[in-house]
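Note on naming: letters A, B, ... go to the chains in the order of the sequence lines (proteins, then strands), and numbering restarts at 1 for each one.
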There are 4 protein chains.
Amino acid sequence: MPRPRFAALDERKRVAILDAAAEEFAHRSFEAASTNRIIARAGVSKGALYYYFDDKADLFATVIESAIGRAERAIGGMASFVDAAGFWAALLDLYRRITTFFAGEPNLAGLLKSAFDDAGVGEIVGLHTARLLAAFRDLLGRGVAVGAVRDDLPLELLARVAFAVGDATDRWLLERWDSLEPGEFEAYPERALLLHMRVLAPIELAEKWERQETAS
Amino acid sequence: MPRPRFAALDERKRVAILDAAAEEFAHRSFEAASTNRIIARAGVSKGALYYYFDDKADLFATVIESAIGRAERAIGGMASFVDAAGFWAALLDLYRRITTFFAGEPNLAGLLKSAFDDAGVGEIVGLHTARLLAAFRDLLGRGVAVGAVRDDLPLELLARVAFAVGDATDRWLLERWDSLEPGEFEAYPERALLLHMRVLAPIELAEKWERQETAS
Amino acid sequence: MPRPRFAALDERKRVAILDAAAEEFAHRSFEAASTNRIIARAGVSKGALYYYFDDKADLFATVIESAIGRAERAIGGMASFVDAAGFWAALLDLYRRITTFFAGEPNLAGLLKSAFDDAGVGEIVGLHTARLLAAFRDLLGRGVAVGAVRDDLPLELLARVAFAVGDATDRWLLERWDSLEPGEFEAYPERALLLHMRVLAPIELAEKWERQETAS
Amino acid sequence: MPRPRFAALDERKRVAILDAAAEEFAHRSFEAASTNRIIARAGVSKGALYYYFDDKADLFATVIESAIGRAERAIGGMASFVDAAGFWAALLDLYRRITTFFAGEPNLAGLLKSAFDDAGVGEIVGLHTARLLAAFRDLLGRGVAVGAVRDDLPLELLARVAFAVGDATDRWLLERWDSLEPGEFEAYPERALLLHMRVLAPIELAEKWERQETAS
DNA sequence: TATGAATGAGATTTCATTCAT
DNA sequence: GATGAATGAAATCTCATTCAT
């Protein structure tokens, strides 16, 4: 946990440190990241970093927490639903918000990747990633209750696979970012959702849904 | 590229270096990996490393190439096929071999992860991973030709997503390795294949296949 | 010298600072001691230390002075005497008080050690330790006057040796502190005194005294 | 333990490192000593030190071991003896050699001091100091056997006190080094021995011996 | 009167790489 | 052909001290 002073720090400087650290941790593993580069980019002294944080791990955890926190607040939760169709509609809506947010935070994806890579090692970071996974697992559990999500595979596995699918499609999109045709980005969440349905929904539901989709 | 001398090197020593490096690169990112630890583990001299390799990156690329090469030779290609059912049967067979091989090479998964992480940075490593992806993309292309694989999404995207799904299920399995019930590991390729079908096959095919599967 | 403000400081805080510093300086040399650890333990601000003290050396000198001062006040001086027997009886009495006081101040021994180590370097601390030595030297001089202390060796040397003997026996006792049998601690001053007599007294006196002691 | 390479190192450089380290450790506690100062004084690179030693503690232990080893080899053991007079004659002879050796190695005393201070903390250094103490304790044990050493106090305590007395007299002498009158240094071992007899011998023996000494 | 934010120097240790032999 | 001695830069982190408020 960062020392309380950090919260009281001048907004500009606080953001400068977190941004510089996010930039660094988004592009390098925790081990390979350099506090020297971070302070150089943030424009703070060597001592300052250790005045606000216990150590490198503390800074890392803080950056991850901040990123996840901002994401959660910005994206918000999933709308309530009472049947399978409602579940998938709500999930589509959620995906839209997620996509929009990630598009405006280029470091977020890399940051989450570093976080999940380090989750098995760093205790604090592990808690954050576990919480994120648990939230999604719960979501899937509620999907099962209304028949929107298959019940023949462990929720934990489904959650992990869904995360991976989302990550892979994100990256694919990101690499083509500059050569996207107009409208392609807007269509993305829907296409991503269909992929997720394939993985998560009972097969008949996915089949029915996709048939309708194609017809329209 | 490692100097030609490396190929002529005593088998035992060559393997020792590659094994030690694989162990290191499997657990740490390229940047965070330490050549010091590698030579210590391999029991070779400092100079030896730089006598056989240009630098750390060269060693990394060689390790990746070697790992991928060994995997390809051990796993072999996919059997030929003439229709959709044949494609999936052949793919199942391929998965079985892949799973078996990965189970015997605990470093392989971590190594591939490091390789893909670094692919965007290191030129050589990028080529290897690109080749792997291309091979799988071609496979999918042949699947499309016989109607086994959907044609409504770019093959590149499908390949990436399939890799991600495979990776996620692998990891999930790996974490439960010690608490697996007997028979569970043997059943794994089939379950994994079903997940892949969901993503890769035309939806009607996936639905039909799964219905049969459940019936049996 | 600490700023005058320090004397006017709230009792609780003044003691907190001195105690924390004593704890630190008792376990580490002056150079290795950390003002950061001191203020952390004392619960005072960084600035406070430098508001009350010139620098680390000033704090050290103050701690030493305070410790020595408290010891002197608590232990008191040696009773007056008119002959050799009186001298040694008075010294035994003094040792009893010293032992009792040291037993209740676990930091004192370590503190004095740090003080003597630093005495050659730090000017102020050197004065305090010199004063302590001088007091004991004077004591020995009065012992010489009544024939209780040998006159064939320089008083300065005798004082130093006596200090060393006391320190060694103290440490020896301290290490066995937890495994002491009942009564052993109470008997300690007398045994220590006999050792000191051996060193300090004319040999005939020491011999006579010990013969009586053994007889009783 | 220093890496084997260190033993194979060029004599001049090996000595330069050990001397520089001895100089530093003789004047500062282990914690306060600076490897930076050591390499600066030795004229070796920063990496070199860690090429030869595991860490600071390893260097310290090596310096201590080297110093003790050289001292032991140079001073040699105590001559054999069959009665009390022989014991003290042999000890006097030993003291002479010790004094001579210490006089030529100005760092030795400070080094031993640092070693004993750190003995409770550093494992390796603890072994060396313990060995030294044990050797002296054994010596005293043999003295007890021939009636040269008192048997009414624990040997461990006697050894510690004797060390302390020796150290105090050494220091006292050292401080007066430059103002010593001719012959004073040569007379030192005898005076020191008398002090040790006072502490270590049965009182009658010490008394008899000193009476003779004075008569002569 | 009192604070705590801030810092640059310096601590120990590891790094990838070079080069004389 | 092969080595290991050697290095300076960089790593993370702590230091005693200053100063604006």
Please check the phosphate of F:dT3 (OP1 and OP2 only) for any side-chain N or O of B:K13 closer than 4.0 Å. yes

With respect to the side chain of D:K46, which nucleotide from E:dG8, E:dT3, F:dA9 is positioned closest? F:dA9

On DNA chain F, check which nucleotide each of A:D55 and D:L49 is closest to and give me the residue with the more 5' one. D:L49

Please report the distance, rounded to the nearest Å, between CG in C:D54 and P in F:dA16. 16 Å

Side-chain N or O of C:Y50 closer than 4.0 Å to phosphate OP1/OP2 of F:dT17: yes

Between the main-chain N or O of B:T35 and the side-chain N or O of B:E24, is there a donor-acceptor pair closer than 3.5 Å? no

Side chain C:S114, main chain C:H27, donor-acceptor under 3.5 Å: no

Between E:dC15 atom C1' and B:F30 atom CZ, what is the distance in whole Å? 13 Å

Any side-chain N or O of C:N36 under 4.0 Å from OP1/OP2 of F:dT14? no

Determine yes or no for a side-chain-to-main-chain donor-acceptor pair under 3.5 angstrom, with D:K56 supplying the side chain and D:E31 the backbone. yes

In whole angstroms, the gap separating P of F:dT21 from CZ of A:R5 amounts to 19 Å

Once you round it to whole Å, what is the distance between C1' of E:dA2 and CZ of C:F6? 15 Å

If you look at every strand shown and take non-hydrogen atoms under 4.0 Å, does D:A57 touch a base, only sugar-phosphate, or nothing? nothing

In whole Å, what is the span from the CZ atom of A:F60 to the P atom of F:dT12? 13 Å

Starting at atom CD of D:E31, determine the distance to atom P of F:dC13, rounded to an integer number of angstrom. 19 Å

In the structure shown, which nucleotide is the Watson-Crick or G-U wobble counterpart of E:dA20, with both distances under 3.5 Å? F:dT3

Toward the 5' end of DNA chain E, by each residue's nearest nucleotide, C:Y52 or B:G47: C:Y52

For a quick check of understanding: with a heavy-atom distance under 4.0 Å over all strands, which category does D:F53 fall into, base, sugar-phosphate or nothing? nothing

Does a nitrogen or oxygen in the side chain of B:S34 sit under 4.0 Å from OP1 or OP2 of E:dC15? yes

Exam field: side chain D:T62 to backbone D:D58, donor-acceptor pair closer than 3.5 Å: yes

Distance, rounded to the nearest Å, where D:I38 contributes CD1 and E:dG10 contributes C1': 15 Å

To the closest 0.5 Å, what do you measure between OH (C:Y52) and CD1 (C:I17)? 6.5 Å

Here's a test of your reading of the structure: between B:A32 and C:A48, which maps to the more 5' nucleotide of DNA chain E? C:A48

When all nucleic acid strands are considered with a 4.0 Å heavy-atom cut-off, which category describes B:K56: base, sugar-phosphate, or nothing? sugar-phosphate

C:L59 CG to F:dC15 P, straight-line distance once rounded to whole Å: 15 Å

Go nucleotide by nucleotide along DNA chain F from the 5' end; which of C:R37 and A:T35 gets its closest nucleotide reached first? A:T35

Which nucleotide wins on minimum distance to the side chain of B:Y51, given the candidates F:dA2, E:dG4, E:dT7? F:dA2

For D:L9, report the nucleic acid contact type (base, sugar-phosphate, nothing); a contact means any heavy atom under 4.0 Å. sugar-phosphate

Any idea how A:F25 and A:F30 line up, ring-wise: parallel (<30°), tilted (30 to 60°), or perpendicular (>60°)? parallel

Which part of the nucleic acid does B:A33 contact within heavy-atom distance under 4.0 Å: base, sugar-phosphate only, or nothing? sugar-phosphate

